[in-house]
2 protein chains.
Amino acid sequence: MSHIIAPVMALKPSISSDIIRGHIDAIVLALLSKEDMYGYQICKTIYQKSQQLYELKEATLYSSLRRLEAQDLITSYWGDEVQGSRRKYYRITPQGREAYEKCKADWEFAKKVIDMLI
Amino acid sequence: MSHIIAPVMALKPSISSDIIRGHIDAIVLALLSKEDMYGYQICKTIYQKSQQLYELKEATLYSSLRRLEAQDLITSYWGDEVQGSRRKYYRITPQGREAYEKCKADWEFAKKVIDMLI
DNA sequence: CATAATACTGTGTCTGTCAAGGTATATTCA
DNA sequence: TGAATATACCTTGACAGACACAGTATTATG
């Protein structure tokens, strides 16, 4: 993870760990607010929904899920797969929905302020 | 520094360390691209320009300045104050200007992607 | 003359991201 | 058949940025 500002050579914009930081939980809550999902599925869905522009790393997702569950913003349960790998599903809680609304408001706010300054 | 999602009670949006992270250098470069400035002035200017919505902490600013100088994106020189506290001025370099353009592009890119996902 | 504002700096802590590694099952295809 | 790939989960440890806290020195204010 390099925090050094990329050299000018690299013209293609990118999403650094530092820029995405603080948005992972909101992104996960956003998906779970639509339907229950399992971890691997969350990663793949984010990749698709971002039009292949952003790939959430598995380690990052699982640490986010652990954090959200500890805060009671999501709960989890094992799926009943008869074949294939077992799947652990996550469901958003009512508090999770409220936190998600707060995250969205914070994002709109941050966008406004950063746009003022950049 | 709490990374816990704020309780719903706190309705007022806020800019967390994690959301601002990765934008500090860009904000500093933005100011210096207009004119040379000294540290304390940078802090105060950001506070004003953000309409009192964001206050850059001094420790954060100085670590950013050290980082930017180490990357040759800015240079510094002592002002010639005959009275008052000494002031250390910072000036953006040509590489700094290019890096700033990259930062802006990255920000526009990140905004787009996060909006897709949140 | 105490307090606040200006102006700079250093040290140490905290936290989220993620690289790297691991396990196990299912599918593909040469 | 068996090697490779995709699916699906998990852990550990390192790293770097933000910033709380502490400290120094000067000037203005009431």
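First the proteins, then the strands, lettered A, B, ... as listed; each starts at 1.
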Checklist entry - If we only count heavy atoms from C-beta on, is the A:Met116 to B:Leu53 side-chain gap below 4.5 Å? => result yes
Checklist entry - How close or far is atom P of D:dA16 from atom CZ of B:Arg67, stated in whole angstroms? => result 11 Å
Next on the checklist: From CD of A:Glu81 over to C1' of D:dA8, roughly how many Å is that when rounded to an integer?
Outcome noted: 10 Å
Checklist outcome for this item: Regarding the side chain of B:Arg66, the nearest nucleotide among C:dT17, C:dG10, C:dA19 is C:dG10
Checklist entry - Taking atom P of C:dA19 as reference, at what distance in whole Å does atom CD1 of A:Ile20 sit? => result 14 Å
Checklist entry - Between B:Tyr38 and C:dC8, is there a side-chain N or O to OP1/OP2 distance below 4.0 Å? => result no
Next on the checklist: Counting only side-chain heavy atoms from C-beta out, which of C:dA5, D:dA6, D:dG17 sits nearest to A:Tyr40?
Outcome noted: D:dA6
Checklist entry - Mapping B:Lys88 and A:Ser64 to their closest nucleotides on DNA chain C, which lands nearer the 5' end? => result B:Lys88
Checklist entry - A:Glu58 near the nucleic acid: base, sugar-phosphate alone, or nothing, with a heavy-atom cut-off under 4.0 Å? => result base
Next on the checklist: Rounded to whole Å, please give me the gap between CE in B:Met37 and P in C:dT6.
Outcome noted: 14 Å
Next on the checklist: Please report the distance, rounded to the nearest Å, between NZ in B:Lys57 and P in C:dG10.
Outcome noted: 20 Å
Next on the checklist: Heavy atoms from C-beta onward define the side chain here; which of D:dC9, C:dC18, D:dC10 lies closest to that of A:Arg87?
Outcome noted: D:dC9
Next on the checklist: Any salt bridge linking A:Lys111 with A:Asp115? Criterion: basic side-chain nitrogen under 4.0 Å from a carboxylate oxygen.
Outcome noted: no
Checklist outcome for this item: Taken to the nearest whole Å, CG/A:Leu56 to P/D:dA8 is 16 Å
Checklist entry - So, is B:Ser63 near the phosphate of D:dG17, with a side-chain N or O under 4.0 Å from OP1 or OP2? => result no
Checklist entry - Which nucleotide in the set D:dA18, C:dC8, D:dC10 lies at the smallest distance from any side-chain heavy atom of B:Arg86? => result C:dC8
Checklist entry - Ignoring hydrogens and geometry, is there a side-chain-to-backbone donor-acceptor pair from A:Lys57 to A:Glu55 under 3.5 Å? => result yes
Next on the checklist: Which residue is it: A:Trp78, A:Tyr38, A:Tyr40? I am looking for the one with a ring-ring contact (aromatic ring centres under 6.0 Å, His included) to A:Tyr89.
Outcome noted: A:Tyr38
Checklist entry - Looking only at atom types and distance, does a side-chain atom of B:Glu58 sit under 3.5 Å from a main-chain N or O of B:Cys43, one as donor and one as acceptor? => result no
Checklist entry - Would you say a side-chain N or O of A:Tyr62 is under 4.0 Å from OP1 or OP2 of D:dC9? => result yes
Checklist entry - Nearest to the side chain of A:Ser85, which nucleotide is it out of D:dC9, D:dA18, C:dT25? => result C:dT25
Item to check | Atom-pair distance (OH on B:Tyr90; C1' on C:dA7), nearest Å | outcome: 11 Å
Item to check | A:Lys44 NZ to D:dA6 C1', straight-line distance once rounded to whole Å | outcome: 9 Å
Checklist entry - Checking all strands, does A:Thr60 fall into the base, sugar-phosphate, or nothing category for heavy-atom contacts under 4.0 angstrom? => result base
